[in-house]
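A note on names: the letters A, B, ... follow the listed sequences, proteins ahead of strands, and every chain is numbered from 1.
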Number of protein chains: 2
Amino acid sequence: MDYQQFKKMMLASRQDIFLEVIAENRENIRIKKEKTVVKNLDKIFKATLKISNQKGFQAMSMRDLCQETGISLGALYAYFPSKDDLLSMLMTQGRDAVERVLDSETLQFDDPWGKLKAFIRTHVYLSEIMRPWFYFFFMEAKNLNPSDRKKAIEGDLATEMRLESTLEEGQKLGQFEKRDIVLTAEMIKGLFANWYIKRSKFRSRNISVDQYADFMIEFMADYLGVEDQLGKVSGENM
Amino acid sequence: MDYQQFKKMMLASRQDIFLEVIAENRENIRIKKEKTVVKNLDKIFKATLKISNQKGFQAMSMRDLCQETGISLGALYAYFPSKDDLLSMLMTQGRDAVERVLDSETLQFDDPWGKLKAFIRTHVYLSEIMRPWFYFFFMEAKNLNPSDRKKAIEGDLATEMRLESTLEEGQKLGQFEKRDIVLTAEMIKGLFANWYIKRSKFRSRNISVDQYADFMIEFMADYLGVEDQLGKVSGENM
DNA sequence: TATAAAAAAACGAACGTACGTTATTTTTAT
DNA sequence: ATAAAAATAACGTACGTTCGTTTTTTTATA
């Protein structure tokens, strides 16, 4: 599956997660009609990401958000109880979406190299579609309240563990060369972050998502000494 | 040269750069005695980095800084004209120091691989000693005023160009395997950032600076197909 | 060396402004 | 006509910054 296919598939499932987040926070939202909530909360989330990614969430004022969304100050507070809760909701929605997609695209694989490849490709594609979210997670993680902060760290650690166990399994099966697992996992995560943080740089150099995913997979194949140099899986699963 | 040697060498030259920054901003500083300026501005810079790296520069209030430094609100403003100027001064001091050290440690090399190795090792060591600065650059770059922002981008681009030209030269001489230069340079920078951004993670896993530098050099040797797998140069220059 | 005068530095209360948030009023939709 | 949603104006608070005063340090004089 290349990026275009992935994108189509994603757009279908995005709405579900959004509705679930709304359902979870229903008591905090004063608006009655579901349709109105969906329309305006979407607008609010998008505007928050836009402004925050320019100047940081703390520096974003409610008046900034008011202007960007076209919704008045008073009306905004019908959709969330406080600025801090808005941050919470945004983080939750994003993390849930990411986790769900990563799971659905990688759990099906048995062999470590297949799993690793799928994980890399999915992560790169996902971070492209949801770039504002990924950038936001990265930059605003330290501003979270203790509870959300804990959740964020746990989520991060889970991803890391999955990566490390895949590498370990590959080494045990003799599929991968022996490398420092922690460092390797950390490096992979660093390369992921590189894509969504320096996105504009890659755009100006005309490097596509698919190129970057291929590059990372080729890179890892090289480093781990795997024979299959072709990034894209030819089978029916991916 | 290993990290301990590098550290010793660095500490000697740090003071000079600090004095130069003070000299450049002399008209903005109301304090007459050089010694007082050095003592307190150093305190102010360190406190700013500490607080900013916890909660962000914007979120740091002058009262926070007042408490951390032990200098009163009124006195603080004798050392810089505004909070924004404080940010400027910090950025300038840091960037100047980094650029100078990187230059002094890499310009002497002729062969691309030697230069690349020196660049990697110097950068990793430097970002270890000046970690608060590097973290600060990374996180606060978007909060700069247009003029400082331009300078920061230019500095970044210069580093990138130097990296790319070294890679290109190595390819031309047949020393390196043919790889996408832009992507490779971007990846190296990503690995640099990984070190100072996830510093606590590496510490908890007992990975030392020297190990990380060796890891990166070995990694690049592998990727570029260079014979010399030994990270550390045996000659007298490095 | 001791002391008075001058300069330098530090202090902390006060200013205006912009923030997050809310209570009240107005508009819109049913 | 009634309920829902949006808009407005206002609240208290915390911010960056300033300024008159006090404290400390340096210099000058005996």
Near DNA chain D, counting only heavy atoms under 4.0 Å, which residues of residues 72-81 of chain A show up?
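Heavy-atom contacts with DNA chain D come from A:S72, A:L73, A:G74, A:A75, A:Y79.
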Is the number of heavy atoms from other residues, nucleotides or ligands within 6.0 Å of [atom1] ([X]) greater than 12?
{"X": "A:K150", "atom1": "NZ", "answer": "no"}
{"X": "B:K50", "atom1": "NZ", "answer": "no"}
{"X": "B:K198", "atom1": "NZ", "answer": "yes"}
{"X": "A:Q67", "atom1": "CD", "answer": "no"}

Value in whole Å for how far the [atom2] atom of [N] lies from [atom1] of [X]:
{"X": "A:K83", "N": "C:dC19", "atom1": "NZ", "atom2": "C1'", "result": "8 Å"}
{"X": "A:N143", "N": "C:dG20", "atom1": "CG", "atom2": "P", "result": "13 Å"}
{"X": "B:R63", "N": "C:dC19", "atom1": "CZ", "atom2": "P", "result": "16 Å"}
{"X": "B:Q58", "N": "C:dC19", "atom1": "CD", "atom2": "C1'", "result": "13 Å"}
{"X": "A:L86", "N": "C:dG20", "atom1": "CG", "atom2": "P", "result": "11 Å"}
{"X": "B:K39", "N": "C:dA9", "atom1": "NZ", "atom2": "P", "result": "10 Å"}
{"X": "A:M62", "N": "D:dT8", "atom1": "CE", "atom2": "C1'", "result": "15 Å"}
{"X": "A:L65", "N": "C:dT21", "atom1": "CG", "atom2": "P", "result": "12 Å"}

So what does B:D84 touch, heavy atoms closer than 4.0 Å: a base, only the sugar-phosphate, or nothing?
nothing
With sugar-phosphate meaning primed atoms plus P, OP1 and OP2, does B:D64 contact a base, only sugar-phosphate, or nothing at under 4.0 Å between heavy atoms?
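Here B:D64 touches no strand at all.
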Closer than 4.0 angstrom, basic N to acidic O: yes or no for [X] and [Y]?
{"X": "A:E164", "Y": "B:R205", "value": "yes"}
{"X": "B:R63", "Y": "B:E68", "value": "no"}
{"X": "A:K189", "Y": "A:D156", "value": "yes"}
{"X": "A:E160", "Y": "B:K201", "value": "yes"}

Checking contacts here: which listed nucleotide (C:dG20, C:dA10, D:dA5) is nearest the side-chain heavy atoms of A:S61?
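Given the options C:dG20, C:dA10, D:dA5, the side chain of A:S61 is closest to C:dG20.
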So A:F138 and A:Y196, would you call those rings parallel, tilted or perpendicular, with 30° and 60° as cut-offs?
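Rings of A:F138 and A:Y196: perpendicular, as their planes differ by over 60°.
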Please enumerate all protein N or O atoms sitting under 3.5 Å from an N or O of nucleotides 27-30 of chain C, with distances to 0.1 Å.
none

Can a side chain N or O of B:N40 be found less than 4.0 Å away from OP1 or OP2 on C:dA9?
no
